[in-house]
Amino acid sequence: FLMDYTRLGFVESIETLARNLGLDVPRDEDFSQPRENHQPLFHILEAATAFYEQQLRNPKTRERPVNYLKQRGLSGQTAKQFRLGYAPQGWDNLINALGKSDTDLNHLIKTGLLIENDQGRRYDRFRDRIMFPIRDSRGRVIGFGGRVLGDEKPKYLNSPETPVFHKGQELYGLYEAKQQNRQLEEILVVEGYMDVIALAQHGVTNAVATLGTATSEDHLKRLFRLVHSVVFCFDGDRAGRQAAWRALNAALPVLEDGRHVRFLFLPDGQDPDSMIREEGADAFRRRLSRDAQPLTDYLFRHLTEEPGADSLESKAHMAAL
């Protein structure tokens, strides 16, 4: 019941039931080592999320980020659903708001929200950025992505690896996709936070994004525990095709009967965000069903595109590949 009602996974459901009953779940691990309590880190991440959300509503700080989000076509309802926020300009906003004690400051450093340099100086990691909270399968904030409002570099900045955030395993938007869909049949993997959010606003609520990393085998294992079909959606440029080939290599070890992977390449210069705003949800879904190639088709097409694929030696090489 809990898995169906809350869309939690099996392990998370067991842990929730056990916690409600005051029980500990036995684990296959070294019981001589006490499990670290990460609850204070979750509390400080939640407080930071609320602070960034409040800054997006604050009359003193809201104008630039709100204008940016409106230019990108996002509604207030969508921003609220994904808990978007704003990290204001300055080096110590989060310190002043949440660093009330040495313990709080240490938690802020441990979650990557503060940086401590070699001289012991502490400052906010995220400054003048739109903030995208990253949530785990229970809806707890575990990290952030931050996007600049202009052309500064880096355009996107993610939380570092922390005790509660491992970006090689997490997928942005997965919690929201499970909340929006009673029964997920297929998941669409895109490249950016804004792609996930724009698709959701237009009614395509089954999209997720990797967190600035290539799609990994761990990502695929996680997705195939939820659905039997995964579609990768990439830009049609060279970078998009390279990302698709890496995704294909990650998918091969986890493919088995009943699991399906497809690839959709968008026209040059387009991404899912711009595409769905231009052509609408129905046309985008038709494109998905019409143009997405099965993994095997993409695999063989990619291999035959190598120079000299018609020679006997090249055919032997392709067979070996």
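Just so you know, these numbers use all the heavy atoms, side chains as well, and skip hydrogens, waters and symmetry mates.
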Trainee: Any chain of hydrophobic side-chain contacts (each under 4.5 Å) joining L199 to L84?
Mentor: yes
Trainee: Name all residues meeting the side chain to side chain donor-acceptor pair (under 3.5 Å) criterion together with D104; count only those two or more places apart in sequence or in a different chain, and write none if there are none.
Mentor: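 So D104 forms a side chain to side chain donor-acceptor pair (under 3.5 Å) with S101.
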Trainee: I would like to know whether Q201 and T78 meet side-chain hydrogen bond (donor to acceptor under 3.5 Å, both in side chains); could you show each step before the answer?
Mentor: CA-CA 6 Å; Q201 178 162 301; T78 300; 2.7 Å; yes
Trainee: Does S274 reach the main-chain N or O of Q270 with its side chain, forming a donor-acceptor pair under 3.5 Å?
Mentor: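 No, S274 side chain to Q270 backbone: no donor-acceptor pair under 3.5 Å.
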Trainee: Using the six-membered ring of Y175, assess whether NZ or CZ of R135 lies under 6.0 Å from its centre and within 45 degrees of the ring axis.
Mentor: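 No.
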Trainee: Could you check whether any side-chain N or O of D297 sits under 3.5 Å from a backbone N or O of Q293, counting only pairs where one atom can act as donor and the other as acceptor?
Mentor: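 Absent.
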Trainee: Under the rule for salt bridge (Lys or Arg N to Asp or Glu O under 4.0 Å), what residues qualify as partners of D273, not counting sequence neighbours?
Mentor: R72, R277
Trainee: Tracing side-chain links under 4.5 Å among I, L, V, M, F, W and Y, which residues wind up in one group with I115?
Mentor: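 In the cluster with I115 are W91, Y123.
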Trainee: Give the cluster check for L188 versus L295: same hydrophobic cluster or not, with ILVMFWY residues linked at side-chain heavy-atom distances below 4.5 Å.
Mentor: no
Trainee: What do you reckon, is CZ of R290 surrounded by more than 12 foreign heavy atoms closer than 6.0 Å?
Mentor: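 For R290, atom CZ is crowded (more than 12 foreign heavy atoms under 6.0 Å).
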Trainee: Under a 4.5 Å side-chain heavy-atom rule over Ile, Leu, Val, Met, Phe, Trp and Tyr, are L264 and L299 clustered together?
Mentor: no
Trainee: S216: what forms a side chain to side chain donor-acceptor pair (under 3.5 Å) with it, not counting sequence neighbours?
Mentor: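 For S216 the side chain to side chain donor-acceptor pair (under 3.5 Å) partners, ignoring immediate neighbours, are H219.
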Trainee: For the pair F234 and F232, name the ring-plane relationship: parallel under 30°, tilted 30 to 60°, perpendicular over 60°.
Mentor: parallel
Trainee: Establish, yes or no, whether a centroid distance under 6.0 Å links the rings of Y193 and Y156.
Mentor: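 Yes: the rings meet the under 6.0 Å criterion.
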Trainee: Can E53 and R57 be counted as an ion pair, charged N to O under 4.0 angstrom?
Mentor: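 Between R57 and E53 there is no salt bridge, as every charged N stays at least 4.0 Å from the carboxylate O atoms.
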Trainee: A quick test of your reading: do over 12 heavy atoms of other residues, nucleotides or ligands sit less than 6.0 Å from CD of E63?
Mentor: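 Counting neighbours around CD of E63, 12 or fewer heavy atoms of other residues, nucleotides or ligands fall under 6.0 Å, so no.
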Trainee: Taking only residues two or more places apart in sequence or in another chain, which ones pass side chain to side chain donor-acceptor pair (under 3.5 Å) with T103?
Mentor: none
Trainee: Are V189 and C233 side-chain neighbours, meaning at least one heavy-atom pair lies under 4.5 Å?
Mentor: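 No, their side chains stay 4.5 Å or more apart.
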Trainee: Same cluster for V164 and L174 if Ile/Leu/Val/Met/Phe/Trp/Tyr side chains link at under 4.5 Å?
Mentor: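 Different clusters.
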Trainee: Taking only residues two or more places apart in sequence, or in another chain, which ones meet A87 in a side-chain contact (heavy atoms from CB on, under 4.5 Å)?
Mentor: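 Expected list: Y52, F126, M131.
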Trainee: Closer than 3.5 angstrom, by distance alone: can the side chain of T61 be matched with the main-chain N or O of Q55 as a donor-acceptor pair?
Mentor: yes
Trainee: Examine distances only and state if a side-chain atom of N181 and a backbone atom of L184 form a donor-acceptor pair shorter than 3.5 Å.
Mentor: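 No.
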Trainee: Does F265 have any ring-ring contact (aromatic ring centres under 6.0 Å, His included) partners at least two apart in sequence or in another chain, and if so, which?
Mentor: Y298
Trainee: Start with the C-alpha distance between T49 and F144, add both sets of side-chain angles, then the distance that settles side chain to side chain contact (heavy atoms under 4.5 Å, CB included), and finish with yes or no.
Mentor: CA-CA 9 Å; T49 304; F144 293 91; 3.3 Å; yes
Trainee: Any sub-3.5 Å donor-acceptor pair from N117's side-chain atoms to R121's backbone N or O?
Mentor: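 Yes, because the side chain of N117 sits within donor-acceptor range (under 3.5 Å) of the backbone of R121.
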Trainee: Looking at H228, I want to see if its NE2 is surrounded by more than 12 non-hydrogen atoms of other residues, nucleotides or ligands under 6.0 Å.
Mentor: no
Trainee: Using the side-chain contact (heavy atoms from CB on, under 4.5 Å) rule, pick out the option among I187, T215, V261 that qualifies with L223.
Mentor: I187
Trainee: Has E161 got a side-chain atom pairing as donor or acceptor with K167's backbone, closer than 3.5 angstrom?
Mentor: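 Confirmed, E161 side chain pairs with K167 backbone.
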Trainee: Parallel, tilted or perpendicular: which one describes the rings of F132 and Y172, with boundaries at 30° and 60°?
Mentor: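 F132 and Y172: perpendicular rings.
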Trainee: Going from CG on D291 to CZ on R286, what distance comes out if it is rounded to the nearest 0.5 angstrom?
Mentor: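 Interatomic distance, D291 CG to R286 CZ, rounded to 0.5 Å: 11.5 Å.
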Trainee: Mind checking salt bridge (Lys or Arg N to Asp or Glu O under 4.0 Å) for R285 and listing every partner two or more places apart, or none if nothing turns up?
Mentor: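 If we apply the salt bridge (Lys or Arg N to Asp or Glu O under 4.0 Å) test to R285, skipping adjacent residues, the hits are D282.
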Trainee: Using the test side chain to side chain donor-acceptor pair (under 3.5 Å), find all partners of Q242 that sit at least two apart in sequence or belong to another chain.
Mentor: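 Residues passing side chain to side chain donor-acceptor pair (under 3.5 Å) with Q242: none at all.
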Trainee: What I want to find out is whether R83 reaches E46 closely enough, with some N-O distance under 4.0 Å, to be called a salt bridge.
Mentor: yes
Trainee: Can you tell me if D237 uses its side chain to pair, donor with acceptor, with the backbone of D268 under 3.5 Å?
Mentor: no
Trainee: Side chain of D136, backbone of G139: donor and acceptor closer than 3.5 Å?
Mentor: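 Such a contact is found between D136 side chain and G139 backbone.
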Trainee: Could you work out, with salt bridge (Lys or Arg N to Asp or Glu O under 4.0 Å) as the rule, every residue matching K155, not counting sequence neighbours?
Mentor: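 With neighbours one apart ignored, the set is empty.
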Trainee: Between E116 and R122, is there a side-chain N and carboxylate O pair less than 4.0 Å apart?
Mentor: yes
Trainee: Would E186 and R262 pass as an ion pair if we require N to O under 4.0 Å?
Mentor: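 Here E186 pairs with R262 in a salt bridge, since their nearest N and O are under 4.0 Å apart.
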Trainee: Spell out, yes or no, whether F51 and L114 are grouped together once hydrophobic residues are joined by side-chain heavy atoms under 4.5 Å, including indirect joins.
Mentor: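 Looking at the clustering, L114 is in the same group as F51.
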Trainee: Using side-chain contact (heavy atoms from CB on, under 4.5 Å) as the criterion, list what pairs up with A214, not counting sequence neighbours.
Mentor: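 Only R246 meet the side-chain contact (heavy atoms from CB on, under 4.5 Å) criterion with A214.
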Trainee: How long is the span from the CD atom in E170 to the CD1 atom in I134, to the nearest 0.5 Å?
Mentor: 8.5 Å
Trainee: Got a second to check how far N67's CG is from L149's CG, nearest 0.5 Å?
Mentor: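 Output value for this atom pair is 10.0 Å.
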Trainee: So, using salt bridge (Lys or Arg N to Asp or Glu O under 4.0 Å) as the criterion, who are the partners of D128 when residues are at least two apart?
Mentor: R64
Trainee: Can you confirm whether E256 is buried at CD, in the sense that more than 12 heavy atoms of other residues, nucleotides or ligands lie under 6.0 Å from that atom?
Mentor: yes
